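Labels below follow one simple rule: chain letters A, B, ... track the order of the sequence lines, proteins then strands, and each chain is numbered from 1. Note that the structure is predicted; figures quoted are calculated from it, not measured.
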Amino acid sequence: MSAYKSDFLQTLANRGFIQQISEPEALDALAAKGPITAYIGFDCTAASLHVGSLLPIMMLYWMQQTGHRPIALMGGGTTRVGDPSGKDESRRILTDETIAANLAGIRTVFTKFLKFGDGPTDALMANNADWLNTLNYIDFLRDVGRHFSVNRMLSFDSVKLRLERQQELSFLEFNYMILQAYDFVELHKRNGCVLQMGGSDQWGNIVNGIDLGRRMMNAQLFALTSPLITTSSGAKMGKTAAGAVWLDATLVSPYEYWQYWRNTEDGDVARFLKLFTVLPLGEIERLAALKGQDINEAKKVLATEATALVHGRAAADNAAETARRTFEQGETSLTLPSVDVPRKDVAAGLGVLNAFVTAGLAASNGEVRRAIANNAVAVNDARITSDKHTIGEADITPDGVIKLSLGKKQHVLLRPR
RNA sequence: GGGAGAGUGUCCCGAGCGGCAAAGGGGGCGGACUGUAAAUCCGCUGGCUAUGCCUUCGUAGGUUCGAGUCCUACCUCUCCCA
């Protein structure tokens, strides 16, 4: 691991965020001298960000922590045209209202990691719709387009692969890299931004921006990419049966979020602690040294720290405590996720199938039936073997709840009201 | 404008002689083993008021006792020619 003079690069390097830097020495010197401004682009096709976006957010976080100014760029303008790369569904074009709503949702996530404001190291949130929407095609071609060599654009991997595989590449998509390059230059012009960060797949696009900056304004700009994060077994991060692991508490509860991190594979624990928590490196080293069963301690720390960043310390501790009671003491913790249900329905006798579907543990009655056949269903920790089983008032525990379990890890409390 | 192909289970990829709720993967979920891990093995992976009924193979029609499969038109995409 090379030694950097700036806290910023040294921190990122130590924690495993760096894959590639365009001109490491020059950037290092600049960052050591004073605050620099950098940005990362996020698209806003969904109302929340998920775990996959966490890595770039953490880069912005560390940037601010080490005395620099981060910009979160929302792709409000590029989202308007829709992502052309998908087959048909992703071709849907979002309305301006949807985009605005998505932006608002995403903004709340950022405020948990970054301090926004007007100070020298306060974060900014920019929206490329601000300049892309008002672009004039002819002006754009003349001022920006002339700096791009089609010969060179064709040589980029993203393009080359498509051509080789004889897959279509639309003109719109071909232009995407130009728009992204332009974003960089525009941010440089407006905010003095000199660095763009992103995933390693963004390298080519970022370098384009650097080139454009040099040609248009004779500016020296930099690129920094992070490695693509997959789990040790090669799966992409952030996917479960229920879908993506969102950062919004209404989509994925803090408890579920905690559980996601708790179930990290052994081989990923040290890496994830460095990337997704803000614990000091010494502490992480200690945790990473744990072997065998002891590594579970490290996983709990990872889960709690990662959850605290997104949902706050109280929610994280709460989730940890709920998990401890549920898994280590076999108790029914009252802080498990719960679903209210009318008391008279329970009095009348609630079918297991119905109960599990309303609790959100299964999508259909058939799914519950199959789970029962797989010996995976329990009510108040008692195995259910018949799909005819009904839940009645007798099942309400002294705490006033009924515990539904699907498998060993998924629990939901029914609260008769 | 002319010609040749493609679109399959609402997570993805992909087989599919007129008898099809539709092969096989991946992913996911569950079970066993463990440590709430990995690896491995096993099961599940359209819906329902369920010995049956309903809905699914780009869209809409047609042929047929019966269509994912054959015919027609249309939509979308790819390739070749102009």
Side-chain angles (χ1 to χ4, degrees), chain A residues 46 50 52 82 84-93 161-173 230-245 255-273 287-288 290-304 306-307 319-331 333 336 349 351-354 356-357 359-378 381 383-388 390 404-412:
Chain A
H50 53 84
S85 58
K87 272 208 299 191
D88 39 43
E89 207 199 340
S90 57
R91 191 165 282 274
R92 66 172 189 266
I93 289 174
L161 287 174
R162 296 286 278 280
L163 294 178
E164 276 167 9
R165 277 183 290 169
Q166 305 204 319
Q167 281 178 344
E168 196 231 15
L169 178 72
S170 73
F171 184 64
L172 179 65
E173 201 168 4
T230 55
T231 65
S232 293
S233 34
K236 270 195 194 144
M237 286 199 58
K239 278 198 316 180
T240 67
V245 180
Y255 174 76
E256 293 169 288
Y257 191 78
W258 193 92
Q259 284 294 327
Y260 174 77
W261 292 104
R262 171 64 243 261
N263 287 312
T264 297
E265 296 171 29
D266 285 10
D268 293 326
V269 174
R271 201 157 48 106
F272 286 4
L273 278 168
L287 290 167
L290 296 173
K291 288 279 180 291
Q293 192 168 333
D294 291 339
I295 203 168
N296 282 324
E297 290 311 311
K299 290 186 190 180
K300 287 179 208 164
V301 174
L302 170 63
T304 304
T307 306
E321 178 59 15
T322 300
R324 195 183 64 77
R325 289 227 197 105
T326 307
F327 286 97
E328 291 174 28
Q329 299 185 350
E331 287 178 12
S333 171
L336 280 168
V352 248
L353 305 182
N354 190 356
F356 273 73
V357 172
L361 285 168
S364 68
N365 291 355
E367 206 169 290
V368 185
R369 284 199 179 91
R370 279 180 235 120
I372 291 174
N374 276 333
N375 199 28
V377 169
D381 297 316
R383 288 279 168 223
I384 300 303
T385 50
S386 160
D387 57 8
K388 298 280 194 291
T390 41
L404 305 182
S405 308
L406 178 69
K408 280 181 290 202
K409 295 187 194 173
Q410 302 179 56
H411 310 281
V412 169

Now, which nucleotide makes the Watson-Crick or G-U wobble pair with [N], with each of the two distances under 3.5 Å?
| N | result |
| --- | --- |
| C65(B) | G19(B) |
| A6(B) | U76(B) |
| G52(B) | C48(B) |
| U40(B) | A32(B) |

*Expressed in angstrom and rounded to an integer, what is the separation of I295(A) atom CD1 from U36(B) atom P?*
13 Å
*Nearest whole angstrom, please: distance from the C1' of U36(B) to the CG of L302(A).*
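Rounding to the nearest Å, CG of L302(A) and C1' of U36(B) are 14 Å apart.
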Contact under 4.0 Å: [X] side-chain N or O vs [N] OP1/OP2:
| X | N | answer |
| --- | --- | --- |
| K409(A) | G31(B) | no |
| Q293(A) | U36(B) | no |
| N365(A) | U49(B) | yes |
| T264(A) | A37(B) | no |

*Can you check whether any acceptor in the base of U34(B) is under 3.5 Å from a donor in the side chain of K408(A), or vice versa?*
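Present.
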_Base of U45(B), side chain of E367(A) - is there a donor-acceptor contact under 3.5 Å?_
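Looking at the base of U45(B), it does not pair with any donor or acceptor on the side chain of E367(A) (distance under 3.5 Å).
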*Using the P atom as the reference point in each nucleotide, state the distance between A6(B) and U55(B) in Å, no decimals.*
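Result for the P pair: 29 Å, nearest Å.
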_Distance between P atoms of C65(B) and G5(B) (Å, rounded)_ =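 C65(B) and G5(B) have their P atoms separated by 30 Å.
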Proximal nucleotide (of [options]) relative to the [X] side chain:
| X | options | value |
| --- | --- | --- |
| D266(A) | G35(B), G47(B), U36(B) | G35(B) |
| R370(A) | G47(B), A37(B), U36(B) | G47(B) |
| Q410(A) | U36(B), C29(B), G35(B) | C29(B) |

*Side chains of Q410(A) and L404(A) in contact at under 4.5 Å (non-hydrogen atoms)*: no
*Taking the side chain as every heavy atom from C-beta outward, state whether V269(A) and L287(A) have any atom pair closer than 4.5 Å.*
no
